[in-house]
Engineer: 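I have a structure here, written as structure tokens, and I will follow up with some questions on it.
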2 protein chains.
Amino acid sequence: MDRPVVPLGRPRTERADAKRNRLRLLAVVREMLEECGAEHVTMDALAERAGLGKGTVFRRFGSRAGIFKALLEEEARRFQELVLSGPPPLGPGAGPAERLIAYGRVRIGFLTDNLAVARAAMDRDVAAPAVEVDMTRLHIRMLLGQADLGVRDVEGLALQLSAALEGPLLLYMASPQALTDARDGGAMRLADAWQDLVERLFRAGPEQPPRGPE
Amino acid sequence: MDRPVVPLGRPRTERADAKRNRLRLLAVVREMLEECGAEHVTMDALAERAGLGKGTVFRRFGSRAGIFKALLEEEARRFQELVLSGPPPLGPGAGPAERLIAYGRVRIGFLTDNLAVARAAMDRDVAAPAVEVDMTRLHIRMLLGQADLGVRDVEGLALQLSAALEGPLLLYMASPQALTDARDGGAMRLADAWQDLVERLFRAGPEQPPRGPE
DNA sequence: CAACTAAACGGACTTTACCCCGTTTATATT
DNA sequence: AATATAAACGGGGTAAAGTCCGTTTAGTTG
């Protein structure tokens, strides 16, 4: 009678065939991604090429966007490991300011490197960034806690900062030309702007930096 | 021989029937928008209810998102008039700082008021914000020019500021819960954050505020 | 007013994401 | 090993966006 206490939620163990098919689908989608672009990956073709039914594909990933989200999350797991236990300045060992700057820099690099996949992951499901923003917010909050700035509302400040990082990044992903300087065609230096923001925040000391929510 | 010098671009004059149908479609879509939500407006239903063919709908607006974009632009025209010649602090008459703050506040209000339509306008065409961002950037640049801060790179600063305004706003529209405080469920005060940013910029004086692109 | 032309129109057709549900299968239990 | 069952599977079906191209029509010119 050692039933799990929690009856809700999906089954804890993934069936062997389900796992095999999930990995197979991810592998095939990566193949197709290289051959043609993300926009030419259709679910029919994916299913056929993986030797599976369409129904299986959707049961696994819920939607077309879901597949690309899964692809992205695989990468994101690696990123998160680096953040939590990799070498400084991204990982532990550096000061909070350096780690904040490094976090933004690497996250921006990560998403711009995977621009096509990230865009496909948003398709028809613009709510996608929610979970990623939350990851960013939690990490920022942790670092702010360590920094011990004299800020009353750490939670609120973390939210502000994550919006300042993820917002322009989302805008850039949505339409890179929107953040392109008309004069020289150079893309805005998101990472530099982020670094500057963090440095000013830490320089300012215990007054009131980016205002927290009321 | 008074041919227009520019042979490119679409014909300058809209045919009478085309105009009639365009207005009719916009009216019908507004109706349907109230009855059911934006997500239940289908192009087939729209065409039928307007007594027109589907081809006509797409010829006019290019895509489903295009219709909602047109709807939004109609409102945006009114907004722009207020900006250019309305009463202060949004319109001329107030100082650059007040006008910048007012601009952000009203733009945020405008988009959150029309959240459903704005989301529909992004569907399948996340590049939508590009044109709006450009409007924001130009206006900010104009006000910065008047302010005569001691900034070397006004163009770059304007780009940074428009990203700081439009980025988080886009993020909020994409997934409001991403910018929601987990403790009290209150949405982040975008407008307050914007006001704070502008005030700090003007307080800082002629040193180096939000860094411009290299 | 008649001929002409470029634009607008209509609606069948195609494509593709996503749903449904009868069938199969992995896994736990005895 | 036999049984039970919850999960996974398959692929035909549906809905809705977007395309194509033959037909109609507004506006222009002589």
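Hydrogens, waters and symmetry mates are skipped; everything else that's a heavy atom, side chains included, is used. Proteins come first, then strands; the chains are lettered A, B, ... in the order of their sequence lines, and each starts at number 1.
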Engineer: Quick one: is B:Arg64 getting a side-chain N or O under 4.0 Å of the D:dA17 phosphate, OP1 or OP2?
Structural biologist: yes
Engineer: Which one, C:dT16, C:dC18, D:dA17, comes nearest to the side chain of B:Thr42?
Structural biologist: D:dA17
Engineer: In whole angstrom, what separates B:His40's NE2 from D:dA16's P?
Structural biologist: 9 Å
Engineer: Find the distance B:Phe61:CZ to C:dC9:P and express it as a whole number of Å.
Structural biologist: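 Result: 11 Å.
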Engineer: Taking the nucleotide of DNA chain D with the closest heavy atom to each, which residue, B:Arg20 or A:Lys19, is nearer the 5' end?
Structural biologist: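 Counting from the 5' end, the first nearest nucleotide belongs to A:Lys19.
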Engineer: Could you tell me the separation between the CG atom of A:Leu25 and the C1' atom of D:dC9, rounded to a whole number of Å?
Structural biologist: 12 Å
Engineer: When we call it a touch if two heavy atoms are under 4.0 Å apart, what does A:Val41 touch: a base, just sugar-phosphate, or nothing?
Structural biologist: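 Sugar-phosphate contact only.
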Engineer: Would you say B:Thr56 places a side-chain N or O within less than 4.0 Å of OP1 or OP2 belonging to C:dA8?
Structural biologist: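 Answer no for this pair, as no side-chain N or O of B:Thr56 is under 4.0 Å from OP1 or OP2.
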Engineer: Output the distance between atom CG (B:Leu25) and atom CZ (B:Arg30), rounded to the nearest 0.5 Å.
Structural biologist: 11.0 Å
Engineer: Looking at A:Arg60, I'd like to know whether one of its side-chain N or O atoms comes within less than 4.0 Å of OP1 or OP2 on D:dA8.
Structural biologist: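 Answer is yes, contact under 4.0 Å.
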Engineer: Could you tell me the separation between the CG atom of A:Leu46 and the P atom of C:dA17, rounded to a whole number of Å?
Structural biologist: 10 Å
Engineer: When you measure from the side chain of A:Ala18, which nucleotide among D:dA8, C:dG10, C:dC9 comes out closest?
Structural biologist: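 Out of D:dA8, C:dG10, C:dC9, the nucleotide with an atom closest to A:Ala18's side chain is D:dA8.
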Engineer: A side-chain contact here means heavy atoms from C-beta on lying under 4.5 Å apart; do A:Val83 and A:Val106 qualify?
Structural biologist: no
Engineer: Rounded to whole angstroms, how far apart are CG on A:Asp123 and C1' on C:dC18?
Structural biologist: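 So the two atoms are 14 Å apart, to the nearest Å.
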Engineer: State whether A:Glu166 and A:Arg137 are salt-bridged, where the test is any N-O pair (Lys NZ or Arg NE/NH1/NH2 against Asp/Glu carboxylate O) under 4.0 Å.
Structural biologist: no
Engineer: I want to check something: taking the side chain as every heavy atom from C-beta on, are B:His139 and B:Gln80 in contact at a cut-off of under 4.5 Å?
Structural biologist: no
Engineer: Rounded to the nearest angstrom, tell me the gap between atom CG in A:Leu52 and atom P in D:dA7.
Structural biologist: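 Nearest whole value for this atom pair: 20 Å.
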Engineer: When you measure from the side chain of B:Asn21, which nucleotide among D:dA17, C:dT16, C:dA8 comes out closest?
Structural biologist: C:dA8
Engineer: Counting only side-chain N and O atoms of B:Arg59, is one of them less than 4.0 Å from OP1 or OP2 of C:dA8?
Structural biologist: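 For C:dA8, OP1 or OP2 has a side-chain N or O of B:Arg59 closer than 4.0 Å.
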Engineer: Which class fits the ring pair B:Phe79 and B:Phe110: parallel under 30°, tilted 30 to 60°, perpendicular over 60°?
Structural biologist: parallel
Engineer: If you go through the side-chain atoms of B:Lys54, does one of them form a donor-acceptor pair with the base of C:dA12 closer than 3.5 Å?
Structural biologist: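 Check fails, no donor-acceptor contact within cut-off.
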Engineer: Closest approach to the side chain of B:Phe58, judged atom by atom: which nucleotide of C:dT16, D:dA16, D:dT19 is it?
Structural biologist: D:dT19
Engineer: Counting only side-chain heavy atoms from C-beta out, which of D:dA8, D:dA17, D:dA26 sits nearest to B:Arg15?
Structural biologist: D:dA26
Engineer: Once you round it to whole Å, what is the distance between C1' of C:dT15 and CD of A:Glu39?
Structural biologist: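 It is 16 Å, rounded to the nearest whole Å.
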Engineer: Just how far, in rounded Å, is C1' of D:dA16 from CE of A:Met43?
Structural biologist: 17 Å
